[in-house]
Amino acid sequence: MEKDPLRGNATISMSYPASYQAVDDQVANGEQFRTVSVSSDDDMIDITTTGTVTERSIHQDEVSAWHFMAIKYSGHSGGESDEIPGIGQYDDFHTIDWQRDIARDRMRHRYIIKKKQDSIWDLIKGAHDAWSGWVCVLLVGVSTGVVAGVIDIGASWMSDLKYGICPQAFWLNREQCCWSSNETTFDNGNCSQWWTWPEVFNQSREGVGPYIISYLFYIVWALIFAALAASLVRMFAPYACGSGIPEIKTILSGFIIRGYLGKWTLIIKSVGIMLAVSAGLSLGKEGPMVHIACCIGNIFSYLFPKYGRNEAKKREILSAAAAAGVSVAFGAPIGGVLFSLEEVSYYFPLKTLWRSFFCALVAAFILRSINPFGNEHSVLFYVEYNKPWIFFELVPFIGLGIIGGIIATLFIKANLYWCRYRKTSKLGQYPVTEVLVVAVVTAVIAYPNPYTRMNTSQLIYLLFNQCGISNSDNLCDYNRNFTNVNSAIEIAAAGPGVIKAVWLLVLALIFKLVATIFTFGFKAPCGLFIPSLCLGAIMGRIVGIGVEQLAYHYPHIWVFSGECSTGDDCITPGLYAMVGAAAVLGGVTRMTVSLVVIMFELTGGVRYIVPLMAAAMASKWVGDALGRQGVYDAHIELNGYPFLDSKEEFAHTSLAADVMQPKRNETLSVLTQDSMTVEDVENILKETEHNGFPVVVSRESQYLVGFVLRRDLNLAIANARRTMDGICGQSLVLFTNTSPLQTSGPPPLKLKKILDMAPITITDQTPMETVVDMFRKLGLRQTLVTHNGRLLGVITKKDVLRHVKQMDNEDPNSIQFN
């Protein structure tokens with residue numbers, strides 16, 4: 001019968017420090033105490049202590065901080081072996097331990113503060129540590145701005161190469177080539193300085209022959225660019241494909257994907273996205289900008305060991321980088337910060353909010369200085385109109401939101417079906433061929449329709465624009481007489497050009513939707529923001545023209561009677577395009593706040609916040625009603641990334657005992673604190689695949705001492721065999737400060753410093769709802785399950801994710817872990 005283990009035993013306490021605290025205190029004060037062979041469980045968990053709790057905790061903080069920092073900085077601890085290289089790092093496809101990393105950083109910070117008084121040099125080191133976060137995000141912001149400027153300039157030049165060339169200076173795109181021209185009107189944006197491909201071969205601009213030559217060149221260039229993009233990704237950086245946002249979300253939630261944010265990925269993604277956009281594929285460069293910015297953030301974080309060596313701290317820099325990515329993609333710094341907060345970040349303290357704001361500001365400033373669009377706006381689709389909207393228009397705006405939600409759900413479901421097919425069929429073995437086939441089909445179908453032939457960004461700009469005197473496009477073919485330049489534009493009947501344009505836009509909408517379903521997720525860099533905006537803008541413009549014609553033909557209906565009875569143009573179709581664009585993008589990504597801010601920063605239309613909000617909200621509601629997830633969460637699930645979504649509720653009534661490993665009748669792999677040899681430990685490591693092991697007092701009692709990671713154990717044993725004399729398979733492994741009395745035999749291996757003495761524990765009756773919340777909010781890797789103080793089992797993040805899947809009737813084995 002075991003005695004009561006938690007009763008203080010005075011005789012033992014006097015002869016030897018029974019508690020961990022007392023051991024630490026005596027070591028710290030330089031006292032010598034008798035080494036007693038620890039045999040009794042009672043002795044080991046006697047909790048007799050002296051002094052008040054506060055004194056003890058402060059003292060313990062100092063002791064442990066000094067102990068760890070002595071190891072970390074000076075490289076040795078009390079004559080023991082040097083610091084074990086690689087401790088505190090993680091393997092590929094593993095989850096980070098947020099609590100442990102943040103605690104390590106606090107300890108490092110305390111050490112620096114303590115050393116400040118010692119010398120001027122330590123004071124400078126302390127100052128450097130304090131400002132290093134700001135310096136890092138400054139560098140990330142500057143670099144992101146420069147890279148974005150280069151990508152914008154490169155993509156616009158290569159896109160125009162499909163149509164012709166500037167013979168005076170081949171490095172100019174069409175717009176820059178025409179700047180030097182004195183002509184007042186350009187035919188389809190072409191001037192005499194810019195030669196189309198038929199003209200290069202001494203043909204005229206118009207006619208059947210020149211049309212065929214233009215068509216062929218368009219297809220050939222599209223094929224070359226797409227082949228280059230896919231081949232570069234295939235050969236040098238397989239991680240550079242896709243949008244990157246699902247993976248960034250997963251990485252920011254504490255998952256390690258080595259190489260995903262590396263320098264090769266950065267280079268290939270930057271070059272690849274220019275090529276993919278220039279190929280005329282139905283994709284955008286805005287999503288990949290976030291990935292590119294995070295690569296830059298990851299690379300710069302290694303200049304500052306505070307961030308480079310600590311995965312939890314590095315996530316703060318990556319959150320700021322994601323904000324800079326959206327900031328340069330749309331010229332929307334505040335939208336970027338909100339996007340990082342709402343959509344991608346998992347852990348977002350106030351300090352990170354300020355740094356993200358600063359990083360986005362710097363990136364936007366640098367891009368504005370480079371001025372890649374060659375106009376005074378750093379925003380993509382600046383709108384000039386500023387007409388107030390009529391209250392009645394909220395009805396069509398909400399209608400656009402509903403249609404946007406439906407189109408978005410159709411897109412997500414079809415795209416997921418296709419991506420799943422790609423994964424499970426032979427198609428997945430031919431990634432480059434798939435890209436080439438999509439590029440050829442896109443080019444062949446896109447060229448005949450002028451709205452699909454042009455660059456997607458130009459199309460969105462055209463749809464957002466208001467019809468004025470200078471517009472020569474079919475969209476503006478109204479029966480108007482512009483007699484006085486300064487008078488208000490009058491409302492007018494749609495001419496034949498508008499009707500033709502609407503039919504072409506309907507065809508463009510269907511084509512873009514189908515093309516984007518097959519494009520998003522293939523093995524080349526591709527973003528989803530621009531195609532979504534384009535689908536919405538086409539839909540919105542068509543609805544806008546319809547409402548405008550309604551107001552023209554029935555100006556005396558009560559809804560129009562006030563504003564439209566004067567004969568002025570009271571309905572702006574461009575505004576409907578803007579609202580429709582927001583609706584589809586909101587439905588696809590399920591963003592709300594950041595989306596509205598990005599939209600009005602993107603267009604400069606601050607007056608239209610309420611219509612944008614109404615459409616974004618309606619589209620989110622419809623999307624949520626028709627399908628649970630946005631496209632990024634759906635792709636995270638499809639790829640099986642271990643992402644615990646903090647937005648979802650866990651609604652089941654299971655307990656920790658139902659989920660923990662091992663199950664009731666299986667045995668639990670544990671280490672004992674002072675009775676196992678190196679050989680025993682190595683055998684356990686060979687026989688099991690667990691990522692960590694609980695350390696207990698003895699196998700009989702199963703009282704918990706701490707938790708040790710598999711990686712740390714492997715590194716520590718390998719390091720000891722390399723650096724310490726006499727360590728062999730028969731050496732005792734000790735997770736305590738005391739050495740047993742032993743006269744002969746090899747020296748023991750002390751591993752107390754790799755033991756986590758404060759693992760998070762729960763009881764077997766804890767509801768899984770609470771456990772899931774702990775994993776989400778504390779960023780745990782694992783938690784230990786006890787019953788009456790004795791160890792029962794372990795719950796890892798993988799177990800939690802599998803349990804959630806099982807409860808939702810999904811396949812629990814779809815989750816990727818090492």
Side-chain angles (χ1 to χ4, degrees), residues 89-94 96 136 139-152 154-155 225-277 281 283-303 307-308 311 314-315 317-326 328-329 340 344 359 363 431-432 435 520-529 632 635-636 639 641 816 818:
Q89 301 296 312
Y90 299 93
D91 291 325
D92 200 5
F93 285 97
H94 278 228
I96 72 168
C136 190
L139 293 172
V140 172
V142 170
S143 310
T144 306
V146 171
V147 171
V150 171
I151 290 173
D152 283 339
F225 291 146
L228 268 173
S231 308
L232 285 172
V233 168
R234 175 86 192 263
M235 288 190 287
F236 297 107
Y239 280 150
C241 67
S243 136
I245 292 179
E247 286 79 5
I248 298 294
K249 275 185 86 158
T250 311
I251 288 170
L252 285 177
S253 79
F255 193 54
I256 304 278
I257 308 180
R258 293 252 174 264
Y260 200 82
L261 301 176
K263 55 182 183 301
W264 274 108
T265 309
L266 168 67
I267 295 165
I268 300 302
K269 188 103 180 187
S270 306
V271 175
I273 196 60
M274 286 194 263
L275 291 163
V277 169
L281 290 160
L283 47 83
K285 57 179 183 292
E286 282 58 31
M289 284 283 199
V290 176
H291 185 184
I292 288 167
C294 286
C295 290
I296 293 169
N298 179 53
I299 290 163
F300 275 117
S301 71
Y302 285 104
L303 297 179
Y307 296 103
E311 292 291 343
K314 188 194 284 177
R315 301 288 181 282
I317 299 294
L318 296 182
S319 288
V326 175
V328 293
S340 180
V344 294
C359 192
V432 179
V435 174
F520 187 68
F522 72 179
K523 299 297 178 213
C526 55
L528 195 55
F529 280 105
Y632 298 132
H635 273 267
I636 285 174
N639 293 327
Y641 296 131
Q816 263 191 24
N818 227 13

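The first residue in the sequence is number 1, and the count goes up from there.
One distance of note links CD1 of Ile636 with OG of Ser253; it measures 7.5 Å at 0.5 Å rounding. Rounded to the nearest 0.5 angstrom, Thr144 OG1 and Phe300 CZ are separated by 8.5 Å. Between atom CD1 of residue Ile257 and atom CZ of residue Phe93 there is a gap of 5.5 Å, rounded to the nearest 0.5 Å. Taking NE2 of His94 as the start and CZ of Arg258 as the end, the distance is 10.0 Å to the nearest 0.5 Å.
Remark: Lys285 engages Asp152 in a salt bridge (charged side-chain N to carboxylate O under 4.0 Å, His left out) (not counting sequence neighbours). For Cys526, the side-chain contact (heavy atoms from CB on, under 4.5 Å) partners two or more places apart in sequence, or in a different chain, are Leu283, Phe520, Phe522. Residues satisfying the side-chain contact (heavy atoms from CB on, under 4.5 Å) test with Leu228, not counting sequence neighbours, are Ile224, Leu275. Looking at residues two or more places apart in sequence or on another chain, you find a side-chain contact (heavy atoms from CB on, under 4.5 Å) between Val432 and Ala230, Ser231, Arg234, Leu436. Considering only residues two or more places apart in sequence or on other chains, Ser340 meets the side-chain hydrogen bond (donor to acceptor under 3.5 Å, both in side chains) condition with Ser345. Not a single ring pair (Phe, Tyr, Trp, His ring centres under 6.0 Å) links Tyr302 to another residue, sequence neighbours left out. Residues satisfying the salt bridge (charged side-chain N to carboxylate O under 4.0 Å, His left out) test with Glu311, not counting sequence neighbours, are Lys314, Arg315. With sequence neighbours left out, the side-chain hydrogen bond (donor to acceptor under 3.5 Å, both in side chains) criterion links Tyr307 to Arg355.
Nearest heavy-atom pair, Pro525 versus Val233, reported as atom, atom and distance to 0.1 Å: CD-CG2, 3.8 Å. For Gly297 against Leu318, the heavy-atom pair with the smallest separation is C-CD2, 4.1 Å. Closest heavy-atom contact between Val140 and Ala321: CG1-CB, 3.9 Å. Residues Ala322 and Val344 approach most closely at CB-CG2, 3.9 Å, considering heavy atoms. Across Val277 and Gly284, no two heavy atoms sit closer than the pair CG2-C, 4.3 Å. For the residue pair Val147 and Ser270, the shortest heavy atom distance occurs at CG1-OG, 4.0 Å.
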What pairs of donor and acceptor atoms, side-chain ones from residues 239-247 against any protein atom, are under 3.5 angstrom apart with sequence neighbours left out?
{"residue": "Ser243", "atom": "OG", "partner": "Ile245", "partner atom": "N", "Å": "3.2"}
{"residue": "Glu247", "atom": "OE1", "partner": "Tyr260", "partner atom": "OH", "Å": "3.3"}
{"residue": "Glu247", "atom": "OE2", "partner": "Tyr641", "partner atom": "OH", "Å": "2.9"}

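When side chains are defined from C-beta on, Ile296 does not count as touching Leu139, because their heavy atoms never get closer than 4.5 Å. No side-chain heavy atom of Cys136 sits less than 4.5 Å from a side-chain heavy atom of Leu303. Between Ile151 and Ile292, the closest side-chain pair of non-hydrogen atoms falls below 4.5 Å. The side-chain heavy atoms of Val326 and Val290, taken from C-beta on, include a pair separated by under 4.5 Å. You'll find the side chain of Thr250 stays beyond 4.5 Å of the side chain of Asn639, heavy atoms only.
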Exercise for the section: Might you work through the side chain to side chain contact (heavy atoms under 4.5 Å, CB included) test for Thr265 and His291, ending with a clear yes or no? Expected result: CA-CA 9 Å; Thr265 309; His291 185 184; 3.7 Å; yes

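Listed by first then second residue, pairs satisfying salt bridge (charged side-chain N to carboxylate O under 4.0 Å, His left out) with a partner in residues 286-295 number zero, not counting sequence neighbours.
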